[in-house]
Amino acid sequence: MSRSLTDYLYAETKGASGAPLVFTFHGTGGDETQFHALASQLITDAHVVSPRGDVSEHGMNRFFRRIGEGVYDMDDLATRRDAMASFLRAKITETGAERVIALGYSNGTNIATAVALTHPEIFTDVIAMHPLIPWTPDAQPGLKDTRWLITAGERDPICPAPLTRDLLSYLRDQAADVSEHWHPGGHELVQSELAAIQSFLT
């Protein structure tokens with residue numbers, strides 16, 4: 001199943017020729033504005049594209065369906081992952097960008113990570129804030145040398161630290177270039193994560 005560009009609502013900022021392309025992915029209940037301006041602040045002159053999740057959960061935007069907290073509808077995730085990959089590829093072709101960065105939080109990070117695990121050629125860099133990947137991914141040699149920053153809370157009740165560490169171990173086993181940043185709190189985003197992102201991008 002494929003999905004056309006017009007099936008997503010998205011925000012877009014045109015960047016300079018040759019600049020990186022940043023895709024931002026909001027968390028549950030967010031929208032295309034949640035991180036759009038932040039991406040432009042982090043990388044001046046970047047192309048920025050921010051799709052809105054096309055699933056509604058009790059009125060909250062999401063990128064794929066879930067059965068319960070931390071329990072994903074894996075068939076729906078696979079369908080929407082591949083649809084998102086088609087959208088991303090079209091924007092990469094349109095901009096001609098060579099450096100392609102994903103920046104996502106929570107549900108947004110999970111769709112971006114799912115894309116990267118299956119279509120590793122799409123992103124050169126992934127900034128995954130509070131990911132939750134509650135399955136064991138298949139080996140993916142295409143992740144070799146991709147750059148990852150994972151930020152997380154040690155006491156996150158939604159994205160448990162052991163699962164985050166499992167993802168870190170998996171990515172390192174695939175020979176990805178992985179950095180991590182932890183804060184002592186929970187699922188909230190904190191200032192130190194922004195500092196870690198700035199350092200990662202520069």
Side-chain angles (χ1 to χ4, degrees), residues 1-8 10-26 32 35-36 39 42-43 45-54 63-64 72 74-129 131-133 135-151 164 166-180 197 200-202:
M1 176 181 174
S2 63
R3 194 181 298 268
S4 70
L5 283 175
T6 55
D7 285 330
Y8 286 100
Y10 60 94
E12 181 166 25
T13 298
K14 301 286 188 180
S17 177
L21 169 57
V22 182
F23 290 105
T24 80
F25 302 92
H26 62 77
E32 63 277 16
F35 299 112
H36 190 81
L42 289 168
I43 303 180
D45 296 331
H47 308 278
V48 184
V49 177
S50 303
R52 180 191 297 181
D54 55 356
F63 288 99
F64 56 88
Y72 298 164
M74 296 301 290
D75 290 339
D76 187 70
L77 173 57
T79 297
R80 295 178 191 278
R81 173 202 69 206
D82 293 342
M84 180 61 74
S86 295
F87 171 80
L88 301 175
R89 285 195 182 99
K91 281 299 180 185
I92 293 167
T93 298
E94 183 181 311
T95 61
E98 295 185 0
R99 187 181 184 192
V100 180
I101 302 163
L103 184 153
Y105 166 65
S106 194
N107 180 245
T109 270
N110 298 334
I111 191 68
T113 299
V115 168
L117 297 181
T118 306
H119 307 279
E121 74 286 354
I122 289 181
F123 302 126
T124 58
D125 307 73
V126 178
I127 298 166
M129 298 180 287
L132 176 60
I133 303 300
W135 73 90
T136 301
D138 294 334
Q140 179 50 269
L143 290 170
K144 184 178 185 295
D145 298 328
T146 56
R147 298 181 68 243
W148 289 71
L149 170 64
I150 292 182
T151 72
T164 302
D166 287 347
L167 177 61
L168 286 161
S169 295
Y170 165 81
L171 290 169
R172 289 177 173 131
D173 287 345
Q174 311 314 305
D177 179 357
V178 184
S179 301
E180 58 188 288
I197 292 168
F200 175 79
L201 290 173
T202 56

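Starting from 1, each residue takes its place in the sequence as its number. Keep in mind the model is a prediction, meaning the values are calculated, not measured.
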Exercise: identify the closest heavy-atom pair between [X] and [Y]:
X	Y	answer
F63	R52	CE2-C, 3.9 Å
E12	K14	OE2-NZ, 3.6 Å
A19	A97	O-CB, 3.8 Å
L103	M129	CD2-CE, 3.6 Å
V48	A39	CG1-CB, 3.7 Å
Y72	L77	CD1-CD2, 4.2 Å

Taking C-beta and beyond as the side chain, do [X] and [Y] meet within less than 4.5 Å on heavy atoms?
X	Y	value
Y170	L143	yes
D145	D177	no
I127	L201	yes
V49	T95	no
E180	T164	no
I150	L171	yes
R80	D54	yes
F35	V22	no

Hey, could you give me the [atom1]/[atom2] distance between [X] and [Y], rounded to the nearest 0.5 Å?
X	Y	atom1	atom2	answer
L149	D125	CG	CG	10.0 Å
S86	K91	OG	NZ	14.0 Å
R99	F123	CZ	CZ	13.5 Å
T24	E32	OG1	CD	9.0 Å
L21	H47	CG	NE2	6.5 Å
I43	T202	CD1	OG1	9.5 Å

Run W148 and T113 through side-chain contact (heavy atoms from CB on, under 4.5 Å) and show every step you take.
CA-CA 10 Å; W148 289 71; T113 299; 3.9 Å; yes
Using side chain to side chain contact (heavy atoms under 4.5 Å, CB included) as the criterion, list what pairs up with K144, not counting sequence neighbours.
A175
Applying salt bridge (charged side-chain N to carboxylate O under 4.0 Å, His left out) to R81 and not counting sequence neighbours gives none
Apply side-chain contact (heavy atoms from CB on, under 4.5 Å) to the pair W135 and L117, showing each step before the final yes or no.
CA-CA 12 Å; W135 73 90; L117 297 181; 4.1 Å; yes
Can a donor-acceptor pair be found, under 3.5 Å and without considering hydrogens, that links the side chain of H26 to the backbone of G53?
yes
Over 12 non-hydrogen atoms of neighbours within 6.0 angstrom of CD in E98:
no
Which of parallel (below 30°), tilted (30 to 60°) and perpendicular (above 60°) describes Y8 and F87?
tilted
Please lay out, stage by stage, how N107 and F64 fare under the test side-chain contact (heavy atoms from CB on, under 4.5 Å).
CA-CA 8 Å; N107 180 245; F64 56 88; 3.3 Å; yes
